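Okay, structure first, notes after.
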2 protein chains.
Amino acid sequence: MKDVRDTKTRILDTAEKLFAGNGFHGTSLRDITKDAGVNLAAVNYHYGSKDALFEEVFRRRFLPINRIRREKLEKIREEARQENLRPSAREVLQAFLAPVLHFRETEPGAAAFITLVGRTISEPDDRLREILMGHFRPNFFLCFAILCEALPHIPKDVLFWRLQFSIGAMSHTLFLLGHAKVFPEGVIPDLDAGTITDLIVSFVTAGMETQ
Amino acid sequence: MKDVRDTKTRILDTAEKLFAGNGFHGTSLRDITKDAGVNLAAVNYHYGSKDALFEEVFRRRFLPINRIRREKLEKIREEARQENLRPSAREVLQAFLAPVLHFRETEPGAAAFITLVGRTISEPDDRLREILMGHFRPNFFLCFAILCEALPHIPKDVLFWRLQFSIGAMSHTLFLLGHAKVFPEGVIPDLDAGTITDLIVSFVTAGMETQ
DNA sequence: ACATCTTTCATACGTTTGATTAAAACAGGT
DNA sequence: ACCTGTTTTAATCAAACGTATGAAAGATGT
């Protein structure tokens, strides 16, 4: 067997990049294969269809991110239980939000993927959005559950919406980081992932704990 | 002259609805004209192009919303100046965010438009996003300026990002309200615009004032 | 060296898209 | 009733799309 990875992952990397930049429907298979330097038919040969390629882009990235997120969240929950304390809302939100931004800076090519996630959250095409949500939902509910333990005096539906607000803040930020030119000149000060993470975690923690 | 409005605004209303539901690229002129019960060529006759139609959808709705927003914001600024006080961050954010949600409930067909706005913020197509931003930017900067007066002890770039977080929370919420089926069953409690407004304003105000 | 399986390639198919056109239908002023 | 300008209609265009195919090229095991 020849080195399959070459052509196959080159398609995947290019697809990730172009999907992030121009959206799923704004990226044709001809764009992808041309940019990747492979034949047009290679996508359907290796992945079956454009949809399946899109799905694989998400699968590859979400597996490690979700594993880290899950481990961090459950560790927080367990440690709180053993000490008979409530989990700290800040730590929960940190565990939920930080891996994404951290991942963005470390893994090469991940920045494009993160932008793609930000886009896909409000993707008109239900099929595509469901691919994302399938990966996202389990950890969302886990985070929500621990948050309810952290702030038991706040009604659950309020916490639910506040977590949604946090996700909105996060996804919008991810999008802005991938599109610096939304605002003119140097209006957006480009901070590193760590600073942004602190800013956003402080923001949503304050919002989450209010009242 | 015949009643132009009939065909012309029927196209506009239908376009707004379908663009919101399926996105700009997911909606063909054939979809719009079929749903509106007019001929395919009518769009190009009345609006010139699909792009121009999209632009008109935004123009129609943003003019009144922006007027209200602007009046509210400048009133807050003036009243604070006359009493030699700082504007209240909560009032500023309320003035910035509430009109959109309020508008959503009152004006018929506005709900679709609001969903469309939520989508277009992270639209891959730069041309389309710029149409939205052209309407949005002036009020954003006005809000930002008054916010700096309200919280002078917080660095401006921190306030800038926090306002972005608020916008993210807002736009994500607008999207969710238009797509109740993102989460299973009755997971999302459907609250009225007033309640949601209070929730989100409290959330972002707490985040804005923290430290 | 041969036979077999995998991968690449150029090319084509059938749809759908936004846009255009010329003719038909309609309206209002006189 | 007639002319004039506006609106609607059906038909057609070229371009772009995802996908399919069969032949060529390459790799692998013996």
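Remember, it's a predicted structure, so these values are computed and weren't measured experimentally. Chain A is the first sequence line, chain B the second, and so forth, proteins listed ahead of strands; every chain is numbered from 1. These numbers come from the heavy atoms of this one structure, side chains and all, not from hydrogens, waters or symmetry mates.
Rounded to an integer number of Å, the gap from NZ of A:K8 to P of C:dT6 is 13 Å. C:dT16 atom C1' lies 15 Å from atom CD1 of B:I32, rounded to whole Å. At whole-Å resolution of the value, NE2 in A:H46 and C1' in C:dT7 are 6 Å apart. We find that OH of B:Y45 is positioned 4 Å from P of D:dT7, with the value rounded to whole Å. For the pair B:K34 NZ and D:dT9 C1', the computed distance is 17 Å after rounding to whole Å. Taking atom CZ of A:R10 as the reference point, atom P of C:dT7 lies 14 Å away to the nearest angstrom. Rounded to an integer number of Å, the gap from A:L53 CG to D:dT19 P is 10 Å.
In this view, B:S122 and A:S122 satisfy the side-chain hydrogen bond (donor to acceptor under 3.5 Å, both in side chains) rule, not counting sequence neighbours. With sequence neighbours excluded, no residue satisfies ring pair (Phe, Tyr, Trp, His ring centres under 6.0 Å) with B:F103. Not counting sequence neighbours, the partners of A:R60 by the side-chain hydrogen bond (donor to acceptor under 3.5 Å, both in side chains) test are A:D13. In terms of the ring pair (Phe, Tyr, Trp, His ring centres under 6.0 Å) criterion, A:H25 has no residue partners (sequence neighbours excluded).
Among residue pairs with one or both ends in residues 102-125 of chain B, those qualifying as salt bridge (Lys or Arg N to Asp or Glu O under 4.0 Å) are B:D125-B:R127; sequence neighbours excluded. Applying the salt bridge (Lys or Arg N to Asp or Glu O under 4.0 Å) test to residues at least two apart or on different chains, the pairs with a partner in residues 34-44 of chain B are B:K17-B:D35.
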Restricting to nitrogen or oxygen on both sides, can you table the protein-nucleotides 11-18 of chain D pairs closer than 3.5 Å?
unit_1: D:dG18; atom_1: OP1; unit_2: A:K50; atom_2: NZ; d: 2.6
unit_1: D:dG18; atom_1: OP2; unit_2: A:L29; atom_2: N; d: 2.9
unit_1: D:dG18; atom_1: N7; unit_2: A:R30; atom_2: NH1; d: 2.9
unit_1: D:dG18; atom_1: O6; unit_2: A:R30; atom_2: NH2; d: 2.9

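Look at A:E71 and A:K75 and you find no salt bridge, because none of the NZ, NE, NH1 or NH2 atoms lies under 4.0 Å from a carboxylate O.
A 6.0 Å sphere centred on NE2 of B:H135 holds more than 12 heavy atoms belonging to other residues, nucleotides or ligands.
Contact between the side-chain N/O atoms of A:T7 and the OP1/OP2 oxygens of C:dT7 is not found at any separation under 4.0 Å.
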Just list the side-chain donor-acceptor pairs under 3.5 Å for residues 197-209 of chain B, sequence neighbours left out, or say none.
unit_1: B:T197; atom_1: OG1; unit_2: B:A193; atom_2: O; d: 2.6
unit_1: B:S202; atom_1: OG; unit_2: B:R90; atom_2: NH2; d: 2.7
unit_1: B:S202; atom_1: OG; unit_2: B:D198; atom_2: O; d: 3.0
unit_1: B:T205; atom_1: OG1; unit_2: B:V201; atom_2: O; d: 2.6

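Each end of the helix from C:dA1-D:dT30 to C:dT30-D:dA1 gets its own axis from five base pairs, and the two axes differ in direction by 10°, given to 10 degrees.
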